[in-house]
Amino acid sequence: MRLQAVTANRLLDGEVVYLTLAREWSPLLDDCCVVADADAGAELLAAAAKSVQDRLVLDPYLFDIKVDDGAISPMSRREIIRAAGPSVRPDLGRQPVQPEPVWE
């Protein structure tokens, strides 16, 4: 079974974003909508085309992913780099989300 998701670049700031189940864009790969067949992929691309017309994103496309124990990972080297952030300066890449401090 081939799993796919849709990615694009947000026009506002160039950030890599992923189309969610709610047909919104998220910078988090874990938020992406995962599809397993060509018809569902075409439906996602149609939803993404609306965002292109609305000038929210640029160049949406499907890419292959894998899901292991609920964790979503890109299959290609290109998408791994896009998900992690710049490769020339790893310190500028996406940082792990830190939990909010609990104040007593």
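For the atom pair CZ (Arg10) and CG (Leu58), the distance works out to 13.0 Å, reported to the nearest 0.5 Å. Atoms CZ and NZ, on Arg2 and Lys66 in that order, are 15.5 Å from each other to the nearest 0.5 Å. Interatomic distance, Ser76 OG to Asp64 CG, rounded to the nearest 0.5 Å: 7.5 Å. Rounding to the nearest 0.5 Å gives a distance of 11.0 Å between CG of Leu19 and CG of Asp31. Put simply, CG on Asp30 and OG on Ser73 are 8.5 Å apart, with the number rounded to the nearest 0.5 Å.
Counting only heavy atoms from C-beta outward, the side chains of Leu62 and Leu45 approach each other to under 4.5 Å. Considering only heavy atoms from C-beta on, Val6 comes within 4.5 Å of Trp25 through its side chain. Annotation: side chain of Asp59 is not in contact with side chain of Asn9 (no heavy-atom distance under 4.5 Å). Side-chain contact between Pro60 and Thr7: absent, with no pair of heavy atoms (C-beta onward) separated by less than 4.5 Å.
Closest non-hydrogen pair, Val57 versus Ala8, comes out as CB-CB, 3.8 Å. Of all non-hydrogen atoms in Ile72 and Cys32, the two that sit nearest each other are CD1-SG, 3.8 Å. Contact between Leu29 and Phe63 at its shortest, heavy atoms only, is CD1-CZ, 3.9 Å. Between Thr20 and Cys33, the shortest heavy-atom distance links the atoms C-CB, 3.6 Å.
Remark: the backbone N or O of Leu56 is not paired with any side-chain donor or acceptor of Asp54 at under 3.5 angstrom. A side-chain donor-acceptor contact under 3.5 Å links Arg23 to the backbone of Leu21. With hydrogens and angles ignored, the 3.5 Å screen pairs a side-chain donor or acceptor of Asp37 with a backbone N or O of Ala40.
Hydrophobic clustering (ILVMFWY, side-chain heavy atoms < 4.5 Å, transitive): Leu11 and Val17 are in distinct clusters.
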